[in-house]
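Written below as structure tokens is the structure these notes are about.
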Amino acid sequence: PPDKRIYLVNLQRPLWIALVVSLACIVLGYPVAYMIATAPPRLAKILILLVLLPFWTSLLVRTAAWVIVLQKAGIVNDALLGLGLVDEPLALIFNRTGVYISMVHILLPFMILPLYGVMKGIPGDHVRAAASLGATPRAAFLSVYFPQTLPGLAAGCLLVYVIALGFYITPMLIGGGSDQMLAYLIAQYATNTANWGLAGALAILLLVCIGALYPLYQRFAGAQTVLHGAHQNNG
């Protein structure tokens, strides 16, 4: 019945949040990975170091830092007010906006690194050969370069989406009551109300959702890897 579909809504919310975060990581991570893959070796090492730098900081510390940065008296709102872009401070925390910003920042390296690993192995001669045959830069990228990066893109999407589904601390600290993930409910039922049956059922539901993604990844990325290897063997 509609008045008892609370867990359906609680399942749809993390699925949607993880999807938005994954798409944002694709938009931001693909150009960064391409820039690192095509940069000179010394510059590439510095850029990789900057990508890995967040891993050396605690997740809780990074989340707390975003609370300070995004608050009404924080750096972001001060900058927007100083530039005259807004008339009053924006509400950037304790809502879905803050959850998106913080989760994208935390999960972006999981998108960049698989993409970089694949892009680094793509010979630059492929795009130059397409250009020599009359292809425009856009056509060469879409028909030659981009298809070869699909295994890395699929791996990055799987990593980001699966990790985002199980997020707990960041939405709890930065999100509002309607922004909590399924992991929050599992923790609440397991620790506060000692309802182990419901906590276990929700955990299995989350596990099933994550497990359903793996065959899709295997079908998509695995086929692309086989095709990529076949092209290399034919070459």
Side-chain angles (χ1 to χ4, degrees), residues 7-33 35-36 47-48 50-72 74-77 79-80 89-117 152-188 202-203 205-214 216-217:
Y7 297 108
L8 182 60
V9 175
N10 289 325
L11 177 62
Q12 292 174 345
R13 185 190 306 138
L15 293 175
W16 173 254
I17 292 177
L19 177 62
V20 174
V21 170
S22 299
L23 294 176
C25 286
I26 292 174
V27 173
L28 297 175
Y30 199 98
V32 174
M35 180 178 64
I36 298 174
L47 295 176
I48 284 291
L50 294 177
V51 171
L52 294 175
L53 193 60
F55 286 122
W56 301 339
T57 307
S58 169
L59 176 62
L60 183 59
V61 173
R62 281 181 281 169
T63 303
W66 276 113
V67 174
I68 298 173
V69 171
L70 297 177
Q71 63 182 333
K72 289 190 174 181
I75 299 174
V76 174
N77 273 313
L80 294 176
L90 301 177
L92 299 176
I93 56 173
F94 308 130
N95 53 30
R96 191 67 58 87
T97 301
V99 172
Y100 286 148
I101 293 174
S102 57
M103 288 182 64
V104 168
H105 165 254
I106 293 170
L107 295 176
L108 192 57
F110 293 98
M111 180 66 70
I112 294 175
L113 295 177
L115 280 171
Y116 166 73
L153 185 62
C157 290
L158 181 69
L159 281 172
V160 171
Y161 197 87
V162 168
I163 297 174
L165 278 179
F167 252 50
Y168 170 62
I169 294 178
T170 302
M172 183 182 68
L173 295 180
I174 295 184
S178 60
D179 305 313
Q180 301 305 313
M181 308 288 274
L182 204 59
Y184 174 82
L185 291 178
I186 294 172
Q188 289 294 311
L202 293 176
L205 183 62
L206 183 59
L207 181 62
V208 169
C209 292
I210 294 174
L213 297 174
Y214 184 74
L216 296 176
Y217 162 76

As an exercise, state the distance from [atom1] of [X] to [atom2] of [Y], rounded to the nearest 0.5 Å.
{"X": "Ile93", "Y": "Leu173", "atom1": "CD1", "atom2": "CG", "result": "10.5 Å"}
{"X": "Cys25", "Y": "Met103", "atom1": "SG", "atom2": "CE", "result": "8.5 Å"}
{"X": "Asp179", "Y": "Phe94", "atom1": "CG", "atom2": "CZ", "result": "11.5 Å"}
{"X": "Tyr116", "Y": "Met35", "atom1": "OH", "atom2": "CE", "result": "12.0 Å"}
{"X": "Ile174", "Y": "Phe167", "atom1": "CD1", "atom2": "CZ", "result": "10.0 Å"}

field: Intermediate values then yes/no, side chain to side chain contact (heavy atoms under 4.5 Å, CB included), Asn10 and Met181
entry: CA-CA 7 Å; Asn10 289 325; Met181 308 288 274; over 6 Å; no
message: Ring centres under 6.0 Å, that's the criterion: do Tyr161 and Phe110 meet it?
response: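 No.
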message: Restricting to side chain to side chain donor-acceptor pair (under 3.5 Å), what partner residues turn up for Tyr100, sequence neighbours left out?
response: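 Counting only residues at least two positions away or on another chain, Tyr100 forms a side chain to side chain donor-acceptor pair (under 3.5 Å) with Trp16.
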- prompt: What are the two closest non-hydrogen atoms of Pro109 and Pro114, and how far apart are they?
  reply: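 Shortest heavy-atom contact: O-CD, 4.2 Å.
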Taking every non-hydrogen atom, the tightest pair across Leu165 and Leu15: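 Taking Leu165 first and Leu15 second, the nearest heavy atoms are CD2-CD2, 3.7 Å.
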message: I'd like to know if the side chain of Asn77 and the backbone of Leu90 have a donor-acceptor N/O pair within less than 3.5 Å.
response: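 Flag set: sc Asn77 to bb Leu90 pair under 3.5 Å.
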query: Between Arg13 (side chain) and Gln180 (backbone), is there a donor-acceptor pair under 3.5 Å?
result: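 Between the backbone of Gln180 and the side chain of Arg13 there is a qualifying donor-acceptor contact (under 3.5 Å).
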task: In sequence, state the C-alpha distance, the side-chain angles, and the governing distance for Ile17 and Arg96, and then conclude on side chain to side chain contact (heavy atoms under 4.5 Å, CB included).
output: CA-CA 9 Å; Ile17 292 177; Arg96 191 67 58 87; 3.8 Å; yes
Tell me, do [X] and [Y] make a side-chain contact under 4.5 Å, heavy atoms counted?
{"X": "Ile106", "Y": "Thr63", "answer": "yes"}
{"X": "Val32", "Y": "Leu115", "answer": "no"}
{"X": "Leu107", "Y": "Leu159", "answer": "no"}

Leu23, CG atom: more than 12 neighbouring heavy atoms under 6.0 Å: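 Yes, enclosed.
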